[in-house]
Chemist: 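Quick one: structure below, then a few questions.
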Amino acid sequence: MDRNAGDFAPKGEVPTEAEFARLLCDKTFVDYFNAFMCLPVFPQRLLYKFASQNLELDPPLQRSQYRSDRVKLMRWVRTHRAPYFFKSDLYLEYILCKQLQKTQLHLTFLYDSEKTSAKDKIMERQLMARWLGRVSGMRRFRRFMARTAGRKSLELWVDAERIKRYGKSDTEGRLSQLRYMEAKYLMNENIVGAYGGIDSIRGN
């Protein structure tokens, strides 16, 4: 079943235990969340180990000084780290990554799916999971896109997703983002043709 971007976010500002547990079953989410928890803005790095399903301090504290309570540590991460992750650009890239994972990758010149062998389809899915299932793979993808005409499409998608950060009551924030997008895309007549549909965004 296809999922939209909202399916990857908690219903409230702080994810429930069930929502957080479901997200931690996704290797892609874990990779992005770990990248966020290791940002230099945080004084203590944290890593969630997918295999053992445990949080670890990096570097670990000396046992003689402190012994972490894993349950309390998980609760603290869920309530004090996760809410900020869902407001970050890393989260937007995670959503893009999940959407790209649903696309069909063609490795051959046989673009007719009926002519593509089962072996080819399996290889395509494996490569999609390998290259578009981790932060490092998405960074390579974005560097590649930066050298193509698709760069504008990628930037437009990210800017449009940023609007969703603002609640329906934050009209000023949404309008500010829309004005930014108007100046960035509509003021360039070379982009208007490709992104004429942005008028529908302005009207919402």
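Both backbone and side-chain heavy atoms feed into the values below; hydrogens, waters and symmetry mates do not. In this chain, numbering begins with 1 at the start of the sequence shown.
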Chemist: Begin from the C-alpha positions of His80 and Val14 and carry the test side-chain contact (heavy atoms from CB on, under 4.5 Å) through to its verdict.
Modeler: CA-CA 8 Å; His80 289 80; Val14 177; over 6 Å; no

Chemist: Between Ile163 and Met181, is a side-chain contact (heavy atoms from CB on, under 4.5 Å) present by the stated rule, with each step listed?
Modeler: CA-CA 10 Å; Ile163 296 178; Met181 293 175 65; 3.7 Å; yes

Chemist: Main chain of Glu172, side chain of Ser176: is a donor-acceptor contact present, judged purely on distance under 3.5 Å?
Modeler: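 Pair absent, no side-chain N/O of Ser176 close to backbone of Glu172.
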
Chemist: When you compare the side chain of Lys11 with that of Thr16, does any pair of heavy atoms fall below 4.5 Å?
Modeler: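 Sidechains of Lys11 and Thr16: no contact.
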
Chemist: So, the side chain of Gln177 versus the backbone of Arg162: is there a donor-acceptor pair under 3.5 Å, distance only?
Modeler: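 Between the backbone of Arg162 and the side chain of Gln177 there is no qualifying donor-acceptor contact (under 3.5 Å).
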
Chemist: What are the two closest heavy atoms between Ile95 and Glu161, and how far apart are they?
Modeler: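 Taking every non-hydrogen atom into account, CD1-OE1, 4.3 Å.
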
Chemist: Side chains of Arg70 and Leu55: closer than 4.5 Å at any heavy-atom pair?
Modeler: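 Side-chain contact under 4.5 Å: no.
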
Chemist: For Gln44 and Pro59, work out which heavy atoms get closest and say how close.
Modeler: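 Closest heavy-atom pair between Gln44 and Pro59: NE2-O, 3.4 Å.
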
Chemist: Hey, mind stepping through Leu57 and Arg45 against side-chain contact (heavy atoms from CB on, under 4.5 Å) and telling me if it holds?
Modeler: CA-CA 6 Å; Leu57 302 175; Arg45 288 159 51 104; over 6 Å; no

Chemist: Do side-chain atoms of Ser88 reach the backbone of Phe85 as a donor and acceptor pair under 3.5 angstrom?
Modeler: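 Checking the backbone N and O of Phe85 against the side chain of Ser88, a donor-acceptor pair under 3.5 Å is found.
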
Chemist: Measure the shortest side-chain to side-chain distance between Pro15 and Phe86 over non-hydrogen atoms and say whether it is less than 4.5 angstrom.
Modeler: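 The answer is yes; the side chains approach within 4.5 Å.
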
Chemist: What pairs with Glu17 under side-chain contact (heavy atoms from CB on, under 4.5 Å), at least two apart in sequence or on another chain?
Modeler: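 For Glu17, the residues satisfying side-chain contact (heavy atoms from CB on, under 4.5 Å) (neighbours in sequence not counted) are Arg78.
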
Chemist: Return the CZ to OG1 distance between Arg75 and Thr79, rounded to the nearest 0.5 Å.
Modeler: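 Here the interatomic distance stands at 8.0 Å.
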
Chemist: So which heavy atom on Asp159 is nearest to which on Lys184, and how close?
Modeler: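 So the two residues come closest at OD2-NZ, 3.1 Å.
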
Chemist: Under 3.5 Å, sequence neighbours excluded: what are the donor-acceptor pairs made by side chains of residues 27-42?
Modeler:
unit_1 : atom_1 : unit_2 : atom_2 : d
Thr28  : OG1    : Gln101 : NE2    : 3.2
Thr28  : OG1    : Gly133 : O      : 3.2
Asp31  : OD1    : Arg134 : NH2    : 3.4
Asp31  : OD2    : Val135 : N      : 2.6
Tyr32  : OH     : Glu93  : OE2    : 2.7
Asn34  : OD1    : Tyr48  : N      : 2.7
Asn34  : ND2    : Val30  : O      : 3.3
Asn34  : ND2    : Tyr48  : O      : 3.1

Chemist: What distance separates Asp26 CG from Cys97 SG, expressed to the nearest 0.5 Å?
Modeler: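 So the CG of Asp26 and the SG of Cys97 are separated by 8.5 Å.
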
Chemist: Ignoring hydrogens, what is the shortest heavy-atom contact between Arg140 and Arg143? Give both atom names and the distance.
Modeler: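 In this case the closest contact between Arg140 and Arg143 is CG-NH2, 3.1 Å.
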
Chemist: Which distance, rounded to the nearest 0.5 Å, do you find between the CG of Leu96 and the CG of Asp89?
Modeler: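 CG of Asp89 is found 12.0 Å from CG of Leu96.
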
Chemist: Under a 4.0 Å threshold between the charged nitrogen and the carboxylate oxygen, would Glu13 count as salt-bridged to Lys87?
Modeler: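 A salt bridge is present here (some side-chain N lies under 4.0 Å from a carboxylate O).
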
Chemist: For Phe50 and Leu24, work out which heavy atoms get closest and say how close.
Modeler: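 That would be CE1-O, 3.4 Å.
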
Chemist: Given the rule that I, L, V, M, F, W and Y join up when any side-chain heavy atoms are under 4.5 Å apart, are Met74 and Leu47 in one cluster?
Modeler: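 Per the 4.5 Å side-chain linkage, Met74 and Leu47 are not co-clustered.
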
Chemist: Measuring from atom CG of Asn54 to atom CG of Leu73, what distance do you get when rounded to the nearest 0.5 angstrom?
Modeler: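 With rounding to 0.5 Å, CG (Asn54) is 9.5 Å from CG (Leu73).
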
Chemist: Would Phe144 and Thr148 count as a side-chain contact (heavy atoms from CB on, under 4.5 Å) if you check the C-alpha gap in whole Å, the side-chain angles of each, and the deciding distance to 0.1 Å?
Modeler: CA-CA 7 Å; Phe144 167 78; Thr148 71; 4.1 Å; yes

Chemist: Spell out, yes or no, whether Leu92 and Met145 are grouped together once hydrophobic residues are joined by side-chain heavy atoms under 4.5 Å, including indirect joins.
Modeler: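 Yes, Leu92 and Met145 fall within the same hydrophobic cluster.
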
